[in-house]
There are 2 protein chains.
Amino acid sequence: MQNPILNHIQKFINLEPSEIDLLESCLAISQIKRKEHVLQEGQICNTMYFIVKGCMRQYIINSKGTEQTLQFGVENWWITDYLSYHNHIPSHFYIQAVETSDVIAIEKSVLDSILIQIPKLEKYFRIVAQKAFGAAQMRIKFLFTMSAEERYNHFKNQQPDFVQRVPQYMLASYLDFSAEFMSKIRAGKV
Amino acid sequence: MQNPILNHIQKFINLEPSEIDLLESCLAISQIKRKEHVLQEGQICNTMYFIVKGCMRQYIINSKGTEQTLQFGVENWWITDYLSYHNHIPSHFYIQAVETSDVIAIEKSVLDSILIQIPKLEKYFRIVAQKAFGAAQMRIKFLFTMSAEERYNHFKNQQPDFVQRVPQYMLASYLDFSAEFMSKIRAGKV
DNA sequence: GTAATTTCTTGAAGTAGTTCAAGTTTTTGA
DNA sequence: TCAAAAACTTGAACTACTTCAAGAAATTAC
């Protein structure tokens, strides 16, 4: 059974057998235990993570000491801090496993070398990044135009299973309201 | 004098003279008058715009009929709706010139063909999209962690000239507060 | 140059959310 | 299996912002 990342890549580009071999040889799956961090605030992020199985999140700790989740990643998503990655500057974010997860961690030096050997992969990463940016724009639209309750209901309609999968306080902060208010929304007390 | 987009591209990749010629022949600058739209809500976006000179914005009209700016673009920025562009679905956004602007408009069919002829350009668009996504993540962080006044001051410190360049009500909506509140922040009445 | 339009300002009243604190329930891991 | 830790709930008090309405100032375009 081949590396699951290859299925994802081949949704966007076609790979030659030799290219598949090269990727198989470079890309190993590793397990990140629940609550384990792969990036801490202040570190320079020089790794991209492809999530094979599980759930990761990017979060910050705000001035009141509360965690706020900026991004979740599940199966077939990439997660990293692209700004730290590209500019070699300390990250503003934590990246952590929400569930014990299988990921493919690719260091920048390795990826740069793979991209030179298989230039075709540039297209894959271009499309992944462009779609992610498009999704971020929609996320900002929802944050701007919907009330807290509307954001919760919209998210629940779009991702009914995911709502069960993560602690409510993480989802509340992702939707930009407090854990207490989430409780009241769910109880119909708003 | 060569097409200004070439300077931007060559910050990230090296182009051969023949590739420069090809790009010069495909890419023309057009002028978008102030307030003119290049994308309306509901249209399918099949063009990317590179801003040579001027200022564009992406915005929505919310349920109260008020415009809310999600993104500004200035010199050397790309602006488009990537989700509509990639998925061929109707856009949620308007894209409009804030100032009369010079842009290079590239249709998807043309760009796809250029990318086949100059695969190296994939890297350029990959990096542009990854950096844009990184910037969007930071934007969400600021929206989550700062008060309205902090967001205004932070933006003013980062982009002092830009604050003068656009109507305050547009900047207010970009920073996610009302035009009236912007007025009070600036007057020190908060 | 001036009318028309757009943008900015101000105060008063209202509200969608937060914060706090304490108790309850659920989940985790040895 | 059970103690400890993590997650969820509730109500009361509070606040950072919005909304509205009306007038003033600045900018645009013929």
Side-chain angles (χ1 to χ4, degrees), chain A residues 31-37 54-55 57 59 61-69 72 96-101 142-156 162-190, chain B residues 32-36 54-55 57 59 61-69 72 96-101 142-156 162-190:
Chain A
Q31 189 178 75
I32 314 293
K33 289 252 182 296
R34 182 168 172 270
K35 299 202 177 173
E36 192 179 324
H37 287 89
C55 178
R57 66 167 178 151
Y59 71 96
I61 297 182
N62 69 20
S63 55
K64 282 161 205 126
T66 308
E67 296 173 1
Q68 292 192 265
T69 299
F72 288 107
Q96 181 196 47
V98 178
E99 306 165 353
T100 297
S101 300
F142 293 137
L143 289 170
F144 275 17
T145 56
M146 291 179 179
S147 70
E149 192 175 8
E150 285 167 344
R151 294 198 297 278
Y152 173 70
N153 287 324
H154 179 263
F155 189 90
K156 202 173 77 168
F162 189 77
V163 174
Q164 318 297 342
R165 198 166 160 184
V166 297
Q168 284 170 39
Y169 75 89
M170 285 188 195
L171 185 53
S173 73
Y174 177 78
L175 296 173
D176 200 22
F177 48 77
S178 66
E180 292 91 338
F181 199 64
M182 171 69 101
S183 223
K184 285 162 195 172
I185 290 172
R186 287 164 50 93
K189 299 191 178 170
V190 296
Chain B
I32 314 292
K33 290 253 181 295
R34 181 168 171 272
K35 300 203 175 173
E36 192 178 324
C55 178
R57 67 167 177 149
Y59 71 96
I61 298 182
N62 69 20
S63 55
K64 282 160 206 125
T66 308
E67 295 173 0
Q68 291 192 266
T69 299
F72 288 108
Q96 181 196 46
V98 177
E99 306 166 353
T100 297
S101 301
F142 294 137
L143 289 170
F144 275 17
T145 56
M146 291 179 179
S147 70
E149 191 174 8
E150 285 168 342
R151 294 198 297 278
Y152 174 70
N153 288 324
H154 179 262
F155 190 90
K156 201 172 78 167
F162 190 78
V163 174
Q164 318 298 338
R165 199 167 159 183
V166 296
Q168 284 169 39
Y169 75 88
M170 283 188 197
L171 186 53
S173 72
Y174 177 77
L175 296 173
D176 200 22
F177 47 78
S178 67
E180 292 91 338
F181 199 64
M182 168 71 99
S183 224
K184 285 161 195 172
I185 290 171
R186 287 164 49 92
K189 296 188 179 172
V190 296

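Chain naming here is simple, since letters A, B, ... match the order of the sequence lines and numbering starts at 1 in each.
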Practice task
Measure from the ring center of B:Phe177 to the ring center of B:Tyr152 and say whether it is less than 6.0 Å.
Solution key: no

Handout entry: Nearest-nucleotide pick for B:Arg34, side chain only, options being D:dA29, D:dA7, D:dT10
Key = D:dA29

Practice task
May I have the distance from A:Leu171 (atom CG) to D:dA6 (atom P), rounded to whole angstrom?
Solution key: 20 Å

Exercise for the section: Counting heavy atoms from C-beta on, name the nucleotide in C:dT9, C:dT19, C:dT18 closest to the side chain of A:Phe177. Expected result: C:dT18

Problem - Separation of atom CZ in B:Phe144 from atom P in C:dG17, rounded to whole Å - result: 13 Å

Completion exercise
Rounded to whole Å, CD of A:Gln68 lies from C1' of C:dT18 at a distance of 12 Å

Fill in the blank from the handout: Atom CZ of A:Phe181 and atom C1' of D:dC8 are separated, to the nearest Å, by 16 Å

Fill in the blank from the handout: 5'-most contact on DNA chain C (nearest-nucleotide basis), B:Tyr169 vs B:Ala187, goes to B:Tyr169

Practice task
Evaluate the side-chain contact (heavy atoms from CB on, under 4.5 Å) criterion for residues A:Val166 and A:Cys55: first the C-alpha distance (whole Å), next the side-chain angles of each, then the deciding distance (0.1 Å), finally the verdict.
Solution key: CA-CA 9 Å; A:Val166 297; A:Cys55 178; 4.1 Å; yes

Practice task
Let me know the distance between CD of B:Gln164 and P of C:dT7, rounded to the nearest Å.
Solution key: 16 Å

Problem - Donor-acceptor pair (no angle test) under 3.5 Å: A:Lys184 side chain, C:dG17 base - result: no

Exercise for the section: With the side chain counted from C-beta on, respond yes when A:Lys33 and A:Gln31 share a heavy-atom pair under 4.5 Å apart, and no when they do not. Expected result: yes

Fill in the blank from the handout: B:Glu36 atom CD is separated from D:dT28 atom P, nearest whole Å, by 17 Å

Problem - A:Ser178 side-chain N/O to C:dT18 phosphate OP1/OP2 under 4.0 Å - result: yes

Handout entry: B:Phe142 side chain near B:Phe155 side chain, heavy-atom distance below 4.5 Å
Key = no

Exercise for the section: Report the distance from atom NZ of A:Lys64 to atom P of C:dT18, rounded to the nearest whole Å. Expected result: 9 Å

Problem - B:Gln96 (side chain) donor-acceptor with B:Arg57 (main chain) under 3.5 angstrom - result: no

Completion exercise
Of D:dT19, D:dA7, C:dT19, the nucleotide closest to the side chain of B:Glu180 is D:dT19

Exercise for the section: Starting from P on C:dT6, measure out to CE on B:Met182 and report it in whole angstrom. Expected result: 20 Å

Problem - Phosphate OP1/OP2 of C:dC8: any B:Gln168 side-chain N/O under 4.0 Å - result: yes

